[in-house]
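Values below: all heavy atoms of this structure, side chains included; hydrogens, waters and symmetry mates excluded. Letters A, B, ... are given to chains in the order of the sequence lines, protein chains preceding strands, and every chain is numbered from 1.
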Number of protein chains: 2
Amino acid sequence: MTHPDPPASRKRTKATSIDIAHHAGVSQATVSRVLRGSPLVNAETRRRVEEAVRELNYTVDRHASSLRLQRSGTLALLLFEDPTADDSHINPFFLSMLGSITRACARAGQDLLVSFQQLSDDWHADYADSRKADGLILLGYGDYLSYRGKLDTLLEQGTRFVRWGAVLPDQPGLSIGCDNFHGGELVGQHLAGLGCRRVAFLGDASSHYPEFLDRYRGCDAALRVAGGAMDPALQVDAQSAEDDGYAAARELLARSGAAGAAPGFDAVFAASDLIAIGALRAFEEHGLHVPGDVRLVGFDDIPTARFTQPALTTVAQDTSAAGELLVETLMALIDNQPAQSRMLPAQLVVRRSSGAAPG
Amino acid sequence: MTHPDPPASRKRTKATSIDIAHHAGVSQATVSRVLRGSPLVNAETRRRVEEAVRELNYTVDRHASSLRLQRSGTLALLLFEDPTADDSHINPFFLSMLGSITRACARAGQDLLVSFQQLSDDWHADYADSRKADGLILLGYGDYLSYRGKLDTLLEQGTRFVRWGAVLPDQPGLSIGCDNFHGGELVGQHLAGLGCRRVAFLGDASSHYPEFLDRYRGCDAALRVAGGAMDPALQVDAQSAEDDGYAAARELLARSGAAGAAPGFDAVFAASDLIAIGALRAFEEHGLHVPGDVRLVGFDDIPTARFTQPALTTVAQDTSAAGELLVETLMALIDNQPAQSRMLPAQLVVRRSSGAAPG
DNA sequence: CTGAAAGCGCTTACAG
DNA sequence: CTGAAAGCGCTTACAG
């Protein structure tokens, strides 16, 4: 039984499994077996190896292991930003998703690679092909139609991925998303219950932004039950940033020709909290009181929503469950287990901006 | 000149450099040279290889490359949370740091591994030893004294790391931090200029939390210039979360025995915005008006600070520059270039909570 | 239960 | 300028 010699000069070079083998008086193969938890190892041998591992402070080299196993134990989170977004801050909602995904990965024993991407970037080529990650989590707003094609490419290449977003009937790959339609319904019911008849919508309500579209439709459905409906004339496009909301609200005000006079709408449903916050600023500047003159509802329940003046009524998405489910679904895909798209419940959070709460 | 055969069955298996070599009619070594940008390659050969790479959609296998190069091209961001923190949300300030670090890594061509750690975890063993990352970025609040030892261990092991936090004279390793002392001075000057004499401090001002301590000292120094000083009786410990701020403010109120009567302080400097927001709630419940009865200043300038009622005067840290500098410094360390600790300027952002702005 | 050996896919010193 | 070959540090089928 010969064992390989350890390196002659032990000059603070990282320990390898060969060092451990020598230290414990076993073969390198046995060290590897112990470290991978093989049942084929004698208890006493295992003990000796484990001791050497502790003593030499050894950790398995991740690259050697991944190369051999053809598996990296790493997931990649790609966060898309709209090309319009300058170097400004990321939507807090996504930051909160990032937090929950990070935790979920830790629980699943996976490492997480995080990257921000422009929608236009050549991202589909990179992470999976280079085997940096076993699968991708796709997150972010952006024109769905223009990135759908990239999803097709991913699928063709056999890349495992899960997307956060609208759950659509015929989409490429799997999505986890909030039940946006129901979220919209909750808003519509709430506003109709408060007697609103003319509900404006701030957000791109087309199939370019299917999440916003679902929110719009849900609200419309609820209003119809109450004998009303959304009016397309009261819909103004907006991406999800605050400035977009500000601009859209001004456009809405201009359109309804309400220079000082009563506006042509009694409520505004903003497709995101950031949009709502921008709109709030525009209304304020215009001398329009929220909720006195206009009731306002957002979507996402970002941390700031509690602090706007008035505090923002909004729809909360369960980011904790979302992160968990995204990781779980992606792991199933990677392990060739059955997996499916799923929607998470939405919850209305009533605060003062809709004029319903006490005070 | 013989070239290795490509795999017989081409069943959607990822292309390797051998496939490319065969396709381009060169050796695998030459493919590698082209991909690593070696100048030793004939232009026409290079062209052929590049074409094959495009055609077969080839990407270098990261693990094989890293194993060979003994370099991963990856940085790890370890975000510490206090053990007290339940599954609640991360301080938005750190989320914003995370955003800027992510961008900086992208610009530096490095991948970023993100992980949340409990201060108590055995994190020092993992990332660098396993070669998952070439270096670590350490971020987060937590008892400095209790984690200083781990920094020493990292240093001993030869792990490259940079820490975000207080820049201290005799600390292990390098730190990038905001000039907390000067940030505190700015607050002290501002408050003194408004005629405040009794400034309370909400935050742990000991060497367990050197950043908070520096803020405290800076404020004290500024008050002394104006003929005053901080009063230790008006200092209440608080970690950085909102609930801690709420509790600390109530403790302060109880201590100064001000049940309805005028409190024993005319201003409060909260060590973080989150603490300030919690304090604001406590003061409100107590019937204390900000800034009428108490002037309030925070630290960090998180997104919500603009929206509290009244909007929060605070000290902004340049997170963009911070991320850039953290990555730059860590890269220098990894490349064995000279590198040093650095402080970034702090900037006072005056809003209504200090009673100085118009309105 | 254990060791010897092959091989994961690269990179680069060496020889031409 | 290019190819053949060694080797990075693992994991596991194979043989005992």
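- No option in A:Leu35, A:Thr16, A:Val53, A:Val31 other than A:Leu35 meets the side chain to side chain contact (heavy atoms under 4.5 Å, CB included) test with A:Val60.
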List the atom pairs, with distances to 0.1 Å, where a side-chain N or O of residues 329-337 of chain A and a protein N or O form a donor-acceptor pair under 3.5 Å, not counting sequence neighbours.
{"from": "A:Thr329", "atom 1": "OG1", "to": "A:Leu325", "atom 2": "O", "distance (Å)": "2.7"}
{"from": "A:Asp335", "atom 1": "OD1", "to": "A:Arg71", "atom 2": "NH2", "distance (Å)": "2.3"}
{"from": "A:Asn336", "atom 1": "OD1", "to": "A:Arg160", "atom 2": "NH1", "distance (Å)": "3.4"}
{"from": "A:Gln337", "atom 1": "NE2", "to": "A:Asp335", "atom 2": "O", "distance (Å)": "3.3"}

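- No more than 12 heavy atoms of other residues, nucleotides or ligands lie within 6.0 Å of CZ in B:Arg342, so this atom counts as exposed by the packing criterion.
- Two rings, from B:Phe80 and B:Phe116, have their centers 6.0 Å or more apart.
- At a threshold of 4.5 Å between non-hydrogen side-chain atoms, the residues A:Pro172 and A:Arg163 do not count as touching.
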Enumerate all atom pairs, one protein N or O and one N or O from nucleotides 5-9 of chain C, separated by less than 3.5 Å.
{"from": "C:dC8", "atom 1": "O3'", "to": "A:Gln70", "atom 2": "NE2", "distance (Å)": "3.1"}
{"from": "C:dG9", "atom 1": "N2", "to": "B:Ala64", "atom 2": "O", "distance (Å)": "3.3"}

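- As rounded to the nearest Å, C:dG16 and C:dT12 have C1' atoms that lie 16 Å from one another.
- Defined by atom type and a distance below 3.5 Å, a donor-acceptor pair is missing between the side-chain atoms of B:Ser32 and B:Gln28.
- Not counting sequence neighbours, the partners of B:Glu44 by the side-chain hydrogen bond (donor to acceptor under 3.5 Å, both in side chains) test are B:Arg47.
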Secondary structure of DNA chain C per the Watson-Crick/G-U criterion (both distances under 3.5 Å; [ ] crossing, | other strand, . unpaired) is |||.||||||||.|||
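- Close to C:dC10, at under 4.0 Å from its OP1 or OP2, lies no side-chain N or O of B:Ser32.
- Taking the charged nitrogens against the carboxylate oxygens, B:Asp111 and B:Arg62 do have a contact shorter than 4.0 Å, which makes a salt bridge.
- Residues passing the ring-ring contact (aromatic ring centres under 6.0 Å, His included) test with B:Phe94 are B:Tyr141, sequence neighbours excluded.
- For the contact set between residues 33-49 of chain B and DNA chain D, defined by any heavy atom under 4.0 Å, the members are B:Arg33, B:Leu40, B:Val41, B:Asn42, B:Thr45.
- Within a 6.0 Å radius of CZ in A:Arg46, other residues, nucleotides and ligands contribute more than 12 heavy atoms.
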